[in-house]
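Down below is the structure, laid out as structure tokens.
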Amino acid sequence: MAEEKILTKHPLGKSGKNISKQKYDTLKKAILSALKNRQLTHTELFSELNKSLRSKFSGNISWYGETVKLDLEARKMIGRTSLKPQKYQVKSNAIVMKTEGTHYGVTQIAQLFPSLKRIKDKSLREKVASVWNEAITAGCGGKGWTFDELRAIKFTLLAGDIEMTFVAHLNSCARQCIAIADVLEKSFRCGIPIQRDYLIAGALLADVGKPLEYDKDASGKVIQGKFGQQLRHPFSGVALAHKHGIPGEVLHIIATHSHEGDKVERSIESIIFHHADFVDFDIAKVLGKRAAKK
Ligand SMILES: [Fe+2]
């Protein structure tokens with residue numbers, strides 16, 4: 001397979017260099033971590049890069065380092081101080097590897113999504129948390145999301161300027177699903193067979209692909225990233241959840257919850273989630289239209 005390349009930028013608008021994406025990512029990570037919480041002169045920065053990459057980088061560290069440093073300056077992820085000697089520093093809007101080495105378990109993920117604790121099967125609960133852990137730490141184009149960033153993401157990028165958030169939507173859907181299950185079970189004498197653990201897990205995982213779908217641009221605005229253009233979240237969500245041993249009944253909900261599932265027969269749990277999801281989504285569209293008229 002052809003090696004993926006990236007055309008670097010130059011702060012003065014000069015032509016960039018077409019270099020290996022893998023080498024670019026390695027240098028970018030090394031530069032941002034060298035400048036984490038400190039300012040370094042050019043010499044200090046390059047001595048740090050040589051130290052951290054000497055044994056693991058094939059290529060001229062100084063040449064690649066300079067190319068990627070200029071690119072990060074052009075993207076306003078790093079900047080130079082005005083005082084002499086000039087030093088490099090990470091810009092406040094730079095997107096650093098925020099979640100490197102972080103692992104969120106059930107307790108932390110339940111802070112975002114309290115309904116996680118309503119899943120009775122401990123093993124399923126833990127698997128749902130581990131899927132979310134990976135989505136949060138690997139999302140945003142590989143940079144990871146902080147909880148605060150995740151909480152600030154709008155419910156949908158399609159509905160315009162409204163106050164509904166992504167995390168609140170997931171919590172709303174999970175609670176709607178539980179409420180619908182309560183009503184259905186009490187309403188029909190025939191008994192509606194609802195697998196609650198699968199329903200709640202599906203509700204919490206249906207959009208787990210979105211943190212992978214979304215990225216941030218240089219100004220910090222949440223946008224659909226390259227991966228998101230290639231795969232919508234029902235697909236990336238299934239792939240991620242399958243990797244963590246999530247059962248087929250729950251994968252089915254993730255796969256079929258949105259329009260992708262219109263051509264298949266949804267399970268009872270997927271029908272419930274699908275409608276809960278669109279209650280929020282259709283309301284968001286109405287609110288978006290109203291906000292646009294103001
Ligand atoms: Fe969705």
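Counting convention: from 1, in listed order, for ligands and their atoms alike. What you see is a predicted model, and the numbers here were worked out from it, not measured in a lab.
Evaluation of the side chain to side chain donor-acceptor pair (under 3.5 Å) rule for S172 yields Q176, D280 as partners, not counting sequence neighbours. Residues satisfying the side chain to side chain donor-acceptor pair (under 3.5 Å) test with E185, not counting sequence neighbours, are R196. In this view, F166 satisfies the ring-ring contact (aromatic ring centres under 6.0 Å, His included) rule with no residue, not counting sequence neighbours.
Residues E126 and H244 have side chains that never bring a donor and an acceptor to within less than 3.5 angstrom of each other.
Among protein atoms, those of element N, O or S found less than 2.8 Å away from the Fe ion (ligand 1) are D207 OD1, H233 NE2, H257 NE2.
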Are H42 and E66 close enough, and set up right, to give a side-chain hydrogen bond (donor to acceptor under 3.5 Å, both in side chains), and what steps lead you there?
CA-CA 10 Å; H42 190 279; E66 190 61 34; 2.8 Å; yes
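The one candidate from D197, L199, I200 that meets the side-chain contact (heavy atoms from CB on, under 4.5 Å) condition with E269 is L199.
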